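As the structure is a prediction and not an experimental result, all values here were calculated from the model. The basis for the numbers below is simple: all heavy atoms, side chains too, and nothing from hydrogens, waters or symmetry mates.
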There are 2 protein chains.
Amino acid sequence: MTATASQTSPRKRAGNGAARRIDADEIGLDALIGHAGYAVRRFQIWIFQDFIKTLGDVDIRPTQYSVLTVIGANPGLSQMAVAKRLGIERARLVHLLDSLEQRRLVKRIKSKTDRRSHAMHLTTQGETALAKFKRLAAEHERHVEARIGKANRERLLQILADFT
Amino acid sequence: MTATASQTSPRKRAGNGAARRIDADEIGLDALIGHAGYAVRRFQIWIFQDFIKTLGDVDIRPTQYSVLTVIGANPGLSQMAVAKRLGIERARLVHLLDSLEQRRLVKRIKSKTDRRSHAMHLTTQGETALAKFKRLAAEHERHVEARIGKANRERLLQILADFT
DNA sequence: TATTGTTATACTCTATAACTATA
DNA sequence: TATAGTTATAGAGTATAACAATA
């Protein structure tokens, strides 16, 4: 589907002077309907909001969760390696790690082989906490499944597999 | 697929003192692999970057495009109606419209029936510009199709249709 | 009382640039 | 010289709260 101006015409507004109230679902999206980016963005907002809510009690946001998960699975990584793998700016990762280190979930250990870099590790407390976060994240994932359907969720993961 | 800590074990780092360089694609994502939100977020970033680049010459970003498209298809809408339909905060829309109005693409007209509200319209210049933006956006959409495949793009639009 | 548009504040995130200490 | 981590700044985007004008 291509987006052209001729696809839809502007809908008529009340022309009698007494403007009718317009409900949100009456408003046409026109070319936006054909844009994958629009749907993906709206879906991503929904999914992040559910994640933030589901992990609200433990106060962990999606980016923090991704950082903890990658460090947990690859202990000893440098900040640069984590940043590159997750597509986070290294300057941004500094603040994320400051916060996670203050919460005693992560520790930076000076590398002996390259004194410019830090080896990232979960603390013991961090390991325990991450296990809990993963259980909550799995719960969030079940919300996604309930929202779009089991088969659709799996199809989505397949389609987007090489963006990870 | 559920995300549990036992799915993958931390991979061994070089233990011989001479730390080996780790390439990004060697770093395991662990539980993130099973999260739709992670894949969707990475895809959304890619797609927005392509949109911003493809419409770089005309300096239009995704949110601006969505606002112009909805106003173009529904002339006379109030700011509240546009904000609600697109899921934008009304406070944020004020600044978006300030910018679009300064560029003479949009005009706010005081409503005669409800003097609190403004009726949003494209200017003549805005109509012409939007037609061009739509052609560029369609070009961007072809990039998406080339990246994930025609059938996958259509399937994606189907799966996410009710988030629009 | 409630709603529309506005202003303001704070926090998240992205994108840069520059600095330091190393390599 | 180049890289790792840090600090700083600017702009998007999100989330609130409060205010004036109007309903």
Pair listing, side-chain hydrogen bond (donor to acceptor under 3.5 Å, both in side chains) test, anchored in residues 88-98 of chain A, at least two apart
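Every side-chain hydrogen bond (donor to acceptor under 3.5 Å, both in side chains) pair that includes a residue of residues 88-98 of chain A, provided the two are not neighbours, is Asp98(A)-Arg108(A).
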Nucleotide of [options] approaching [X] most closely (side-chain heavy atoms):
X         : options                  : result
Ile45(B)  : dT7(D), dT14(C), dT14(D) : dT14(C)
Val94(B)  : dG5(D), dT14(D), dT6(C)  : dT6(C)
His118(B) : dT6(C), dG5(D), dT4(C)   : dT6(C)

With a 4.0 Å cut-off on N to O distance, would you call Arg147(A) and Asp162(B) a salt bridge?
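Result for this pair is yes, salt bridge flagged.
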I need the [atom1]-[atom2] distance between [X] and [N], as an integer number of Å.
X        : N       : atom1 : atom2 : value
Arg85(B) : dT4(C)  : CZ    : P     : 17 Å
Leu96(A) : dT6(D)  : CG    : P     : 12 Å
Arg42(A) : dG13(D) : CZ    : P     : 14 Å
Leu93(A) : dC13(C) : CG    : C1'   : 13 Å
His95(B) : dT6(C)  : NE2   : P     : 10 Å
Leu86(B) : dT14(D) : CG    : P     : 11 Å
Ile52(A) : dG13(D) : CD1   : C1'   : 13 Å
Arg41(A) : dG13(D) : CZ    : P     : 8 Å

If you take the centroid of each ring, where Trp contributes its six-membered ring, are Phe133(A) and Tyr65(A) closer together than 6.0 Å?
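Between Phe133(A) and Tyr65(A), which both carry aromatic rings, the centre distance is not below 6.0 Å.
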OP1 or OP2 of [N] under 4.0 Å from side-chain N/O of [X]:
X         : N       : answer
Thr63(A)  : dT12(C) : no
Gln79(A)  : dT6(D)  : yes
Arg108(B) : dT6(C)  : yes

Backbone of Ala36(B) reached by a side-chain donor or acceptor of Glu141(A) within 3.5 Å
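At least one qualifying donor-acceptor pair exists.
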Got a sec, which hydrophobics cluster with Ile52(B), joining ILVMFWY side chains under 4.5 Å apart, including via others?
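Its cluster mates, by chain and number: none.
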Can you give me the closest heavy-atom contact between Ala39(B) and Leu160(A), atom names plus distance?
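What the structure gives for the nearest pair is CB-CB, 3.9 Å.
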Return the minimal non-hydrogen interatomic distance between His140(B) and Ile47(B), and the atom names on each side.
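Smallest interatomic distance, heavy atoms only, reads CE1-O, 3.2 Å.
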Map Pro62(B) and Ser78(A) onto DNA chain D by nearest heavy atom, then report which one ends up closer to the 5' terminus.
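The residue whose closest nucleotide sits nearer the 5' end is Ser78(A).
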Letter per nucleotide, 5' to 3', of nucleotides 15-23 of chain C [B base touched, S only sugar-phosphate touched, - untouched; heavy atoms, 4.0 Å]
SB-B--BBS
